[in-house]
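What follows is one structure encoded as structure tokens, with my remarks underneath.
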2 protein chains.
Amino acid sequence: MAVDPRTDKQAAASLGAMHTTGGRGSRKASDQTIYDSIYQAVLTQRLPPGSKLPEVALSELFGVSRSIVRKALTRLASDHVTEQSPNQMAVVARPGIEETRQIFAARRLVEGEVTRLVAGTLGKSEAQALRKLIKEEKSAHERGQDQHRVHCSMAIHQYLARQCPNQVLGKMMLELVLRTSIVIALYKAPGITACFLGNDHGRLADLIIKGEADQAAQLAREHLDTLEGLLDLDEPSGDIDLASILRYT
Amino acid sequence: MAVDPRTDKQAAASLGAMHTTGGRGSRKASDQTIYDSIYQAVLTQRLPPGSKLPEVALSELFGVSRSIVRKALTRLASDHVTEQSPNQMAVVARPGIEETRQIFAARRLVEGEVTRLVAGTLGKSEAQALRKLIKEEKSAHERGQDQHRVHCSMAIHQYLARQCPNQVLGKMMLELVLRTSIVIALYKAPGITACFLGNDHGRLADLIIKGEADQAAQLAREHLDTLEGLLDLDEPSGDIDLASILRYT
DNA sequence: TTCATATTTAATGTCGACAATATTTATCAG
DNA sequence: CTGATAAATATTGTCGACATTAAATATGAA
């Protein structure tokens with residue numbers, strides 16, 4: 001059932017690089033620190049779906065007791081970032097095909113509305129910050145820095161969510177953006193180097209800044225539609241025909 | 001700052017009546033049990049916004065250690081049911097005016113879509129169950145059993161959320177239904193005996209069962225609009241003019 | 001060897017203890 | 001009596017210990 005061949009310690013190391021600022025990982029950390037570290041690692045796909053998250057390894061890494069780790073893991077599970085089953089290690093969430101489709105549908109609804117609400121509300125500095133993010137994404141794409149490009153892409157959507165006047169919707173969108181990142185890592189069709197969709201983000205930003213709410217919302221939904229289409233979401237046939245797979249005559 | 005004059009023990013007692021089945025509250029309980037108990041008590045407004053939730057009282061009531069209680073409280077806070085500040089007792093959430101408006105706006109969006117998705121998908125038995133809930137709500141309304149009526153009203157919306165083919169959206173709606181219940185308890189205009197809106201639920205059920213998706217969604221949104229309008233959401237003026245309040249000449 | 005079983009190991013589940021902090025109560029000067 | 005200060009109480013924050021359960025390893029018979 002292990003998706004990832006890396007050991008637990010190696011998986012945890014993906015986090016260590018992030019949170020330790022200087023020396024060894026002996027500095028105390030709050031549950032929020034742990035939450036954020038794992039959150040970011042999952043968002044940027046350094047912790048792929050199914051990665052094990054052992055409490056002891058994390059507690060040693062962050063220099064706290066298991067209680068703190070457990071609180072962080074509980075919150076992460078509540079936000080669908082991890083899965084927790086009784087007496088089993090927490091793992092990064094592995095949504096199924098159907099749930100993946102539902103996540104995209106929900107995100108189309110929520111992000112469409114968020115986009116509509118943000119459109120026309122950005123001040124000069126906010127618009128500039130948005131354009132800068134898009135520029136950085138493009139640059140990362142051209143240089144082939146795929147991980148950084150993913151990071152930028154996520155940052156763009158997060159920025160929009162945080163700029164939304166309705167923060168209840170904004171928080172929902174943040175959750176859905178993360179879950180989208182997870183399912184992309186899971187179902188990205190092999191060979192698809194990235195999900196850099198033309199200049200969608202650039203055009204979207206223009207519409208938002210200009211205040212074309214309806215067009216912006218429409219583009220956002222189409223953008224997500226295209227993204228979903230790039231995934232490999234074919235149902236594995238219910239009854240696997242072992243014979244046809246193993247017969248080599 | 002205390003919203004409620006009742007003591008902590010009395011507040012906790014609202015839960016005890018629910019979860020203890022027979023003898024005294026000495027049966028062990030999981031964090032899920034505690035979560036559900038508080039969830040239901042908040043939903044049915046037995047625990048009004050601001051109610052204190054001390055860990056020790058809960059742990060004694062449910063016969064478990066504080067660890068279990070803390071886990072339940074962490075999850076409840078993650079779902080915006082309670083508020084947790086460092087070194088302070090957890091309390092039932094008290095959303096402000098602005099957040100209340102955002103909750104209603106978000107719920108209009110989400111419940112509108114959920115309604116559209118559910119419309120036309122209900123089988124015979126599901127349709128019957130829905131009508132039964134509505135009948136019970138009406139009955140409770142006519143008999144003046146307000147608490148039971150609130151319970152039924154919530155159950156109707158929860159039922160729709162659970163019937164939604166898109167459970168990602170369904171879960172979001174469940175959260176928003178609960179938060180709506182909280183803000184209704186907070187901002188219900190005095191004298192308004194209830195939020196029983198004509199026969200909205202009955203008409204909504206008819207449209208859903210008949211499969212009139214667009215009309216059903218539209219009605220759901222209007223229903224929520226009306227509900228929000230019944231609340232007293234006037235901003236308290238930023239600088240309170242004590243003079244005008246206290247001058248009696 | 002290979003499979004089933006027993007042992008060992010390692011992880012989570014739960015609890016109680018103690019420290020740190022906030023709240024309440026008691027004390028006392030004015 | 002009022003208001004500020006100090007002691008006492010109550011509550012949360014964190015930790016380590018032990019029990020429980022799952023997984024990995026070792027053992028032995030066929």
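We name chains A, B, ... by the order of the sequence lines, and we start the count at 1 in each one.
One finds a side-chain N or O of A:Arg70 lying less than 4.0 angstrom from the OP1 or OP2 phosphate oxygen of C:dG13.
Going from atom CG of A:Asp31 over to atom C1' of D:dT14 covers 12 Å, rounded to whole Å. The distance between atom NZ of B:Lys52 and atom C1' of D:dA10, rounded to the nearest whole Å, is 11 Å. Rounded to whole Å, atom P of C:dT14 lies 19 Å from atom CD of B:Glu60. Atom NZ in B:Lys71 sits about 12 Å away from atom P in C:dT12, given to the nearest Å. A straight line from CD of B:Gln84 to P of D:dT12 spans 10 Å, rounded to a whole angstrom. Atom pair B:Glu55:CD and D:dA10:C1' shows a separation of 12 Å (rounding to whole Å applied).
Across A:Leu53, A:Val81, A:Leu76, a single residue satisfies side-chain contact (heavy atoms from CB on, under 4.5 Å) together with A:Val42, and that is A:Val81.
Listed candidates were D:dT14, C:dG16, D:dT12. Nearest to the side chain of B:Val56 is D:dT12. Nearest nucleotide to the B:Met89 side chain, out of C:dT12, D:dT12, C:dG16: D:dT12.
Taking the nucleotide of DNA chain C with the nearest heavy atom to each of B:Pro86 and B:Arg66, the more 5' of the two is matched to B:Arg66. If A:Ile68 and A:Asn87 are placed on DNA chain D by their nearest nucleotide, the residue sitting closer to the 5' end is A:Ile68.
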Side chain to side chain donor-acceptor pair (under 3.5 Å) evaluation trace for A:Glu136 with A:His148
CA-CA 9 Å; A:Glu136 199 173 338; A:His148 187 227; 3.1 Å; yes
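Side-chain contact annotation: A:Gln32 with A:Asp36, donor-acceptor N/O pair under 3.5 Å present.
Using a cut-off of 4.0 Å between Lys/Arg side-chain N and Asp/Glu carboxylate O, A:Arg70 and A:Glu55 are scored as salt-bridged.
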